[in-house]
K.L.:
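Can you keep this structure in mind? I'll have questions shortly.
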Amino acid sequence: MRLSKLFGKTLRQTPSEAENVSHQLLLKAGMIHQLAAGIYSYLPLGWRALRKIENIIREEMNAIGGQELMMPVLQPLEMWEETERDLAFGKGLFTLSDRRDRKLILGPTHEEVMTQLVRRNVQSYRDLPLFLYQIQTKFRDEPRPRGGLLRVREFTMKDLYTFDADEEAMDVSYHKVIGAYQRIYECCGLPSMVVEADSGAIGGKDSHEFMVITESGEDQVIYCSKCDYSANVDKAESVKLPGEEEKPLPVEEIATPGIKTIEALTNFLGIPRKKTIKAVFYVADGEMVFVAIRGDLEVNEVKLKNALNCHELRLASDEEVAEAGLVAGSASLAGVTGVKSVADPSITLGVNLVAGANKPDTHLKNVNYPRDFEVDLMTDIAIAQAGEGCPRCGGELQSTRGIEVGHVFKLGTFFSERLGATYVDQSGVERPIYMGCYGIGTGRLLAAAIEQNHDEKGIIWPIPIAPYHVHLCPLSPDNEQVVSAAEKLYLQLEEQGLEVLFDDRIESPGVKLNDADLLGMPLRLILSPRTLSTGSVEIKERREKEATLVPWEEIEGRLKAILSL
RNA sequence: CGGGGCGUAGCGCAGUCUGGUAGCGCGCAGCGUUCGGGACGCUGAGGUCGGAGGUUCAAAUCCUCUCGCCCCGACCA
């Protein structure tokens, strides 16, 4: 490709809306263009990189027996009502009506469509296992798109669905896919980490995410420094230290004028946070829920949502709290009735805790569970924090940030039972199919690859996903020998199957060299009167600092060796 | 949805407080000089100042409403 003809210009200044590196570089290099919040066009260079990623994914999917197919974006809303996932996705679903006023949605994922499709085509155990995938556009009305390609509303995703006869077979398929995913990330220049995950709106039991560890990631990852335990913070469990052994004392009312927060309370009384019980009020699908947790911990809303098995969970407003007869700032479960209550087991680890007295400016000392109050539900709803104990080995948990570049789920029979996807086993018994689903967002993967592979000058493409292999850059555009040598080399390399970006523009050396660094092709070739006089060409790997001169006749071999072609 | 910031030429910005009819740098076009790390000179094109309404002799600037974008949080396969 001749750079003079390439659609998409590089920018000297970084557009101000971009904050993270991949977004800045993609815009600056002219690889993407924003149409609206979370909606982007891919320009030729960006599109080439994206297609390379798709092809890597295809190869790995095919290698584990995947068959590619294509399902529709437009889906009847009815189908989603059958599984009640319209409620689970809520406002994230893009909905529309056709001319006959039938409700349709733009598919955010394809479990329903896929299950229906398989129902018609699988009848016997002989048809299983089955791996079906597509690479297709998804639509999700995210509350807040961000970070360029990191979180968008319209995006391309590879989604794979596996179908097996039973749970054991499903597990085998699950691990096959995990292996394929790891090879994909490695190929894209991304060290990834497999972490336990919440299964969210997809449903199902086991779920893992693939994380690329980077500060710009929006997910928090908890991992153990000793064993291999790691989990998304949404899912992570932890072991809290018990409080000191003390003799339970009788409950005592104390005056706490103007004290409304844990912070103020601990300062006022001179006690540590973990000697207090924090009260938080939520509204779950319209119902008020009283949540109690030890003062040093925070509520994990994903865990709480799962525990309550609700679709919508939000903090209650001050008005709602007052209406329910609760005293914000001094509320506790000791003495409150008629409100649904959930508590974290952390409150059972201490003795003689301080909690609200359910009247203003008053707290209770020496509150003990279960002596002084009861709860409807006692379950882990705490956010795991660095420094706490590992649930597996007791080691110390650490925390870091990551970009979720893939997510896999064991769906079990959730969809097959609801949508009637069954098969007949060897003994003639009809059984539900065991499913798994697996997704990789290709655009996010592209962005993550840049987050991990760049320097202050620009992108450093990993070879397998680089838009072109070689950036051919003749300097001295008015030197005829240089120009004709470059033209010749360009044709010769293309003929050999190398993908060449040929900077045939009449620009100063500075502009060309800077653009070469910004665009980030793995190899840069420079021709100039200087190199020509020695009968050689300068080769530089984008990743390396030093360039080397290579004799004309050895260029091709050297390039292929570096590219492993 | 809560908090913050911002919409003026393709990109980066000034001008807004204090109203007087739009400017700078980069980029773009033409000519000439230059050519191994974002060269220089001359000439030129390009903007209903996000939109609507209002105040005023006069609005990018003041007032009201509205749309959009970014960041933090909530949220989110």
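Letters go in sequence order (proteins before strands), and every chain restarts at 1.
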K.L.:
Between B:C71 and A:R144, counting only base atoms on the nucleotide and side-chain atoms on the residue, is there a donor-acceptor pair under 3.5 Å?
P.N.:
no
K.L.:
Looking across every strand, which nucleic acid part, if any, lies under 4.0 Å from A:R314 by heavy atom: base, sugar-phosphate, or nothing?
P.N.:
nothing
K.L.:
Under 4.0 Å between a side-chain N or O of A:S16 and OP1 or OP2 of B:G12?
P.N.:
yes
K.L.:
So what's B:G23 paired with, Watson-Crick or G-U wobble, going by both distances under 3.5 Å?
P.N.:
B:C13
K.L.:
Classify A:T10 by what it touches in the nucleic acid, base, sugar-phosphate, or nothing, heavy-atom distance under 4.0 Å.
P.N.:
nothing
K.L.:
NZ of A:K512 versus P of B:A39: gap in Å, rounded?
P.N.:
13 Å
K.L.:
Can the ring centres of A:F210 and A:Y185 be said to be less than 6.0 Å apart?
P.N.:
yes
K.L.:
Consider the side chain of A:R12, meaning its heavy atoms from C-beta on, and name the nucleotide among B:G12, B:G27, B:G36 that approaches it most closely.
P.N.:
B:G27
K.L.:
Without decimals, in angstroms, what is the distance between A:N306 CG and B:C76 P?
P.N.:
10 Å
K.L.:
Once you apply a heavy-atom cut-off of 4.0 Å, does A:G406 come out as touching a base, just sugar-phosphate, or nothing?
P.N.:
nothing
K.L.:
Measuring from the side chain of A:R530 (C-beta onward, heavy atoms only), which nucleotide among B:G36, B:C76, B:C71 has the closest atom?
P.N.:
B:G36
K.L.:
If I take atom CZ in residue A:R153 and atom C1' in nucleotide B:C69, what distance separates them, rounded to the nearest angstrom?
P.N.:
11 Å
K.L.:
Could you tell me whether A:K305 contacts a base, only the sugar-phosphate backbone, or nothing, with contacts defined as non-hydrogen atoms closer than 4.0 Å?
P.N.:
sugar-phosphate
K.L.:
Answer with yes or no whether the side chains of A:S399 and A:Q220 bring together a donor and an acceptor at under 3.5 Å.
P.N.:
yes
K.L.:
Rounded off to whole Å, could you give me the CD-to-P distance for the A:E507 and B:U34 pair?
P.N.:
17 Å
K.L.:
Without decimals, in angstroms, what is the distance between A:L11 CG and B:C11 P?
P.N.:
8 Å
K.L.:
From C-beta outward on A:Q13, which listed nucleotide comes closest to its side chain: B:C11, B:A39, B:G37?
P.N.:
B:C11
K.L.:
Below 3.5 Å, does any donor atom in the side chain of A:D478 face an acceptor in the base of B:C35, or the other way round?
P.N.:
yes
K.L.:
Using both distances under 3.5 Å as the test, list the Watson-Crick or G-U wobble partner of B:C31, or none.
P.N.:
B:G41
K.L.:
What is the distance, rounded to the nearest whole Å, between atom CZ of A:R151 and atom C1' of B:C71?
P.N.:
15 Å
K.L.:
What does A:I526 touch in the nucleic acid at a heavy-atom separation under 4.0 angstrom: a base, only the sugar-phosphate, or nothing?
P.N.:
base
K.L.:
Paired with B:G2: which nucleotide, if any, by Watson-Crick or G-U wobble criteria at under 3.5 Å for both distances?
P.N.:
B:C72
K.L.:
How would you label the contact of A:T14 with the nucleic acid (heavy atoms, under 4.0 Å): base, sugar-phosphate, or nothing?
P.N.:
sugar-phosphate
K.L.:
Could you identify the nucleotide paired to B:G46, looking across every strand shown and requiring Watson-Crick or G-U wobble geometry with both distances under 3.5 Å?
P.N.:
none
K.L.:
Would you mind reading off the distance between A:E19 atom CD and B:G4 atom P, rounded to a whole angstrom?
P.N.:
18 Å
K.L.:
Please state how far atom CZ in A:R505 lies from atom P in B:A29, giving the value in whole angstrom units.
P.N.:
12 Å
K.L.:
With both distances under 3.5 Å as the test, what is the Watson-Crick or G-U wobble partner of B:U64?
P.N.:
B:A52
K.L.:
At less than 3.5 Å, do the side-chain atoms of A:E538 and the base atoms of B:G36 form a donor-acceptor pair?
P.N.:
yes
K.L.:
With RNA chain B as reference, determine whether A:P15 or A:D159 sits nearer its 5' end, using the nearest nucleotide of each.
P.N.:
A:P15
K.L.:
Regarding A:A197, tell me which of base, sugar-phosphate or nothing describes its non-hydrogen contacts under 4.0 Å with the strands shown.
P.N.:
nothing
K.L.:
Nearest to the side chain of A:N514, heavy atoms from C-beta on, is which of B:C76, B:G38, B:C69?
P.N.:
B:G38
